[in-house]
Amino acid sequence: MSRCLQGKHILLGLTGGIACYKSAELVRLLVREGADVHVLMTPAAQQFLTPLTLQSLSGNSVATDLFSLSEELHVGHIRLADLADAYLIAPATADVVAKLAHGNADDVVTTVALATRAPLLVAPSMNVNMYEHPAVQENLERLARRGVRVIPAAEGELACGWHGKGRLAEPPVLLAEVERAVTPPVFAGERIVVTAGPTREFLDPVRFLTNRSSGKMGFALAAAAWRRGAEVMLVSGPVSLPTPHGVARRNVVSAAEMYEAVADEFSRATMLVMCAAVADYRPAVCQPTKVKKQSKGWTLELQPTIDILASLKPQKGNRFVVGFAAETDQVEEFGREKLERKGLDLVVANDVSRPEAGMEADMNAAILLDRFGGRIELPLMNKADLAEAILDRIAELRQRTA
Ligand code: CTP
């Protein structure tokens, strides 16, 4: 996880729906990420969860009443509104969506929505027929046009017995949205292609050549780039990781398929971050049926795959292109050589011979070498933090190239 919520003041407004229980889980997640969480509840929300539950989880008193002498004495609703770095209303009922769309302010949740200048996020939750009703959809569109981030309801079983769209987005999705809302959108307008994971080069229908890449670094980069406002396309080899919220994904298997997908996406991209561990060789022939065991050995003939980065060099234009250099020795020398040969703006060189770092591990260290002669050494850290540090550097260098 990123550290973007450390010390941030997050307001969470609850309105009357059964999905309030998910918001309790969200408070826990926000607190775990270091946020200072202040919960606001309408009277209807208090029918589903008690303020005491949310006070215990958040560690802050819960605002329930505009006119409570004691609440207004401690942290008044205007002070709450001023304090906020982001304000999420989840679950938002059809009634509250309508009130927000029209600027009504008859309880603490809607009043603070008008009073705050912080980014406002609204996560609706209701019965499918209500959600699809033109009145609700028009109200949501009105909010979105006004710059409110509307987090669409998810599809599935609804507490009312119906199946369809109307479920409150899951807590990890709400968390990712809040993280994005408090992150400066330095990559707004960028369309970034990130590649991740290994490729597989088949010998026959059941056997293949591959490498140890887990995809963790590329997935962390994709999530962090989305948080910073980019539109992100993740081109992934076979890995067992969930797609980060907000990120589009294309799955590929072989180096040839990865080339096809990246070349296609590259034409629409403004940046490419080539984190995948693409196979350099593939078997000269892939047998159509499973090769039977024989007493004599099996000598494989391998042929080179296409070098994706090198092949895109002539079309680079003013796109920002980042390569990775996974090395076991002479890390910096080989990294610099790849920077030149592949026409990159930045290379992330890392030593994959260290047992605690690199492929498969949760941690990594790297040296960032750029085409302006810059060199930054990033010590061992978890891959999420490393992704943030790499993107910080890309954002700095991007200003010189855009
Ligand atoms: N790469 C690529 N196409 C390939 C192989 C690698 O685009 N067929 C990219 C990788 O995604 C990475 C960079 O090139 O961003 C360097 O990959 P690496 O495997 O370290 O270098 P190679 O060029 O394969 O050279 P070598 O194996 O000799 O180190």
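We count ligands from 1, going down the list as the structure has it; atoms in each ligand are counted the same way.
- Counting only N and O atoms by type, the side chains of Thr183 and Arg228 include no donor and acceptor under 3.5 Å apart.
- Taking the six-membered ring where the residue is Trp, His245 and Trp226 present perpendicular rings, their angle passing 60° and hence far from 30°.
- Under 3.5 Å, the side chains of Glu201 and Thr199 contain a donor-acceptor pair of N or O atoms.
- The protein non-hydrogen atom at the shortest distance from atom 5 (C) of ligand 1 is Asp280 OD1, 3.3 Å.
- At least one N/O-N/O distance between Ile306 and ligand 1 falls below 3.5 Å.
- Proximity to Ala276 (heavy-atom distance under 4.0 Å) selects the following atoms of ligand 1: 10 (C), 11 (O).
- Protein heavy atom at the shortest distance from atom 14 (O) of ligand 1 is Lys342 NZ, 2.8 Å.
- Under a 4.0 Å N-O distance rule, the pair Arg375/Asp370 does not qualify as a salt bridge.
- Checking Asp351 against Ser353 by side-chain atom types alone, a donor-acceptor pair falls below 3.5 Å.
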### Evaluation steps, side-chain contact (heavy atoms from CB on, under 4.5 Å), between Leu203 and Phe208
CA-CA 5 Å; Leu203 310 170; Phe208 51 81; 5.9 Å; no
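- For Thr195, no heavy-atom contact with ligand 1 is shorter than 4.0 Å.
- Remark: Arg319 qualifies as a cation-pi partner of Phe266 under the 6.0 Å distance and 45° angle criteria applied to the six-membered ring.
- Atom 11 (O) of ligand 1 is approached by the protein to below 4.0 angstrom, counting heavy atoms only.
- For ligand 1, the atoms closer than 4.0 angstrom to any heavy atom of Thr305 are 8 (N).
- The protein atom (non-hydrogen) at minimum distance from atom 3 (N) of ligand 1 is Ile308 N, 2.9 Å.
- Protein heavy atom nearest atom 18 (P) of ligand 1, with residue, atom name and distance: Lys338 NZ, 3.5 Å.
- Ion pairing between Glu155 and Arg167 fails under the 4.0 Å rule for side-chain N and carboxylate O.
- Distances between N or O atoms of Met274 and those of ligand 1 include at least one value under 3.5 Å.
- Counting the atoms of ligand 1 from 1 in the order shown, those under 4.0 Å from a heavy atom of Ala326 are 20 (O).
- Thr270 and Glu190 share a donor-acceptor pair across their side chains, judged by distance under 3.5 Å alone.
- Close approach of ligand 1 to Gly323 is summarised as follows: ligand atoms under 4.0 Å from at least one heavy atom of the residue are 15 (O).
- Among protein heavy atoms, atom 13 (C) of ligand 1 sits closest to Phe324 O, 3.0 Å.
- In summary, the atoms of ligand 1 found under 4.0 Å from a heavy atom of Leu309, numbered by their order in the structure, are 2 (C), 7 (O), 9 (C), 13 (C), 14 (O), 15 (O).
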